[in-house]
Protein chains: 2
Amino acid sequence: MRSRRDDLIETALKLFYTGGFNATGIDKILAESGVAKMTLYKHFGSKDELILAVLKRRDEQFRGWLSGEMAKAGPSPKAQLLQMFDALEIWFSGKAFPGLGFSGCAFINAAGEFSDPAHPAHQIAAEHKEMLVRQFTELCAEAGAADPASLAEEIALLKEGAIATAHVRNKPEAAKIAKAMAERLLADLD
Amino acid sequence: MRSRRDDLIETALKLFYTGGFNATGIDKILAESGVAKMTLYKHFGSKDELILAVLKRRDEQFRGWLSGEMAKAGPSPKAQLLQMFDALEIWFSGKAFPGLGFSGCAFINAAGEFSDPAHPAHQIAAEHKEMLVRQFTELCAEAGAADPASLAEEIALLKEGAIATAHVRNKPEAAKIAKAMAERLLADLD
DNA sequence: CTTGATATATACAGATCTGTCTGTCTATGC
DNA sequence: GCATAGACAGACAGATCTGTATATATCAAG
């Protein structure tokens with residue numbers, strides 16, 4: 001049974017993600033989740049803290065989903081890295097997270113609304129991206145790359161470019177373009 | 001002499017860009033620009049229309065600046081495309097637009113806050129990106145690329161990836177990473 | 001059955017936001 | 001000089017937002 005705290009986080013994630021953080025009011029989250037206002041402030045203290053809890057949840061949810069999709073490629077690290085771009089395409093098409101659709105990357109969006117790098121929400125966004133780069137680095141090392149850290153940064157940059165392109169230009173094919181570029185980057189491996 | 005309308009657009013651009021669209025109130029723009037509220041509504045009718053005017057101004061300003069930076073590379077289209085990534089680095093460091101600093105791409109940010117692709121602000125953002133891709137396509141054709149449209153999409157994707165990485169992770173070196181990747185893409189040309 | 005923790009409903013305070021209304025001031029052109 | 005257009009100043013309406021206060025209901029454990 002899901003707790004009220006989880007109800008709030010899941011509802012807030014959906015509304016913040018699709019409608020923006022600043023533009024989405026507390027009252028809307030309360031109405032859609034059916035939770036009382038006092039319960040929200042008991043659990044989170046402020047809207048800002050709810051935003052941080054939502055971003056942490058999204059980080060777990062997204063990285064968990066992506067790892068699962070990449071694992072479908074089997075044991076080869078190179079195949080897993082390429083599979084990531086197929087996962088992006090599923091995400092861009094709106095099929096990855098039922099009920100959420102695709103409204104770009106929640107962390108890029110958060111960094112846009114909370115532009116100061118010192119803002120806690122911006123920092124969570126940065127950490128999320130860093131964690132993914134670390135995961136890519138391990139796979140690149142496992143695949144025998146000469147410079148795993150640099151290669152992982154390049155893969156990550158392709159991923160960010162695909163996300164921004166898919167969202168701003170409403171162009172989900174960006175995943176395929178990025179994948180083709182990644183294939184050339186990884187051609188020497190395995 | 002700058003008109004009141006320009007004063008409003010320039011001040012709103014700075015505040016929207018650094019503080020976000022929804023989070024920045026009309027009153028702040030009026031206070032900082034020294035313009036009366038009635039004057040704003042005389043010129044723009046609503047905050048939404050001011051936002052659109054700001055995005056159009058930013059489109060002209062940014063593409064004009066970028067074209068100027070690229071032109072510094074001389075007549076070679078390949079050199080101009082590579083020069084673009086040097087321009088990105090200047091932008092990321094905050095030196096491109098005095099008084100604005102670097103808060104990511106105003107159009108990626110706008111698409112984040114106005115996520116619906118049918119929203120006028122989102123559409124202006126998409127058009128801005130499309131115009132840049134068209135410019136890249138012309139340069140790729142001029143450089144003798146076999147498939148100028150595809151190559152331009154790849155260059156554009158590297159650019160978007162660099163912007164997102166530089167902002168979210170506070171990592172201006174992303175420009176150099178993207179440039180190195182672009183050099184490999186363009187190696188066969190000229 | 002009582003106690004304590006948790007949640008609910010509802011009202012409210014205080015701030016802020018967009019947009020309007022009413023005057024007044026000032027400059028420019030005739 | 002005078003008329004007209006544009007901008008300023010400042011109050012105000014109405015909505016909305018975050019956060020608080022109060023009083024009530026539910027439910028499980030001892």
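Order of the sequence lines fixes the chain letters, A, B, ..., with proteins taken first and strands second; residue numbering starts at 1 for each chain. Side chains are part of it too, since the values below use all heavy atoms of this structure and drop only hydrogens, waters and symmetry mates.
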Enquirer: Round to a whole Å and report the spacing from OH of A:Y41 to P of C:dT6.
Expert: 20 Å
Enquirer: Can a side chain N or O of A:R4 be found less than 4.0 Å away from OP1 or OP2 on C:dT8?
Expert: yes
Enquirer: Select one nucleotide: of D:dT20, C:dT20, C:dG19, the one nearest the side-chain heavy atoms of A:K37.
Expert: D:dT20
Enquirer: Counting only N and O atoms by type, is there a donor-acceptor contact under 3.5 Å from the side chain of B:E89 to the main-chain atoms of B:K176?
Expert: no
Enquirer: With a 4.0 Å heavy-atom cut-off, tell me which residues in residues 15-36 of chain B come close to DNA chain D, sorted by residue number.
Expert: B:G34, B:V35, B:A36
Enquirer: Taking the six-membered ring for Trp, are the ring centroids of B:F62 and B:H128 within less than 6.0 Å of each other?
Expert: yes
Enquirer: Could you tell me the separation between the CG atom of B:D7 and the C1' atom of D:dC8, rounded to a whole number of Å?
Expert: 14 Å
Enquirer: Which pairs pass ring pair (Phe, Tyr, Trp, His ring centres under 6.0 Å) with one or both residues in residues 171-190 of chain A, sequence neighbours excluded?
Expert: none
Enquirer: Quick check for you: among D:dG19, C:dA9, C:dG19, whose closest atom lies nearest to any side-chain atom of A:M38?
Expert: C:dA9
Enquirer: Taking 4.0 angstrom as the limit, do B:E173 and B:K179 come out as a salt bridge?
Expert: no
Enquirer: Starting from C1' on D:dT20, measure out to NZ on A:K42 and report it in whole angstrom.
Expert: 11 Å
Enquirer: From the list D:dC8, C:dA7, D:dG19, which nucleotide is the closest neighbour of the side chain of B:T39?
Expert: D:dC8
Enquirer: Do A:H122 and A:F107 have their ring centres less than 6.0 Å from each other?
Expert: no
Enquirer: Starting from P on D:dC8, measure out to CG on B:L8 and report it in whole angstrom.
Expert: 8 Å
Enquirer: Write down the distance between CG (B:L40) and P (D:dG10), rounded to a whole number of angstrom.
Expert: 18 Å
Enquirer: Using whole Å, what does the distance between atom P of nucleotide C:dG19 and atom NZ of B:K47 come to?
Expert: 8 Å
Enquirer: Could you go through B:S3 and B:H43, starting from their C-alpha distance and side-chain angles, then the distance that decides it, and tell me whether this counts as side chain to side chain donor-acceptor pair (under 3.5 Å)?
Expert: CA-CA 11 Å; B:S3 69; B:H43 281 298; over 6 Å; no
Enquirer: Is any side-chain N or O of B:H43 closer than 4.0 Å to OP1 or OP2 of D:dG6?
Expert: no
Enquirer: Could you name each residue pair satisfying ring pair (Phe, Tyr, Trp, His ring centres under 6.0 Å) that touches residues 6-28 of chain A, not counting sequence neighbours?
Expert: A:F16-A:F21, A:F21-A:F114
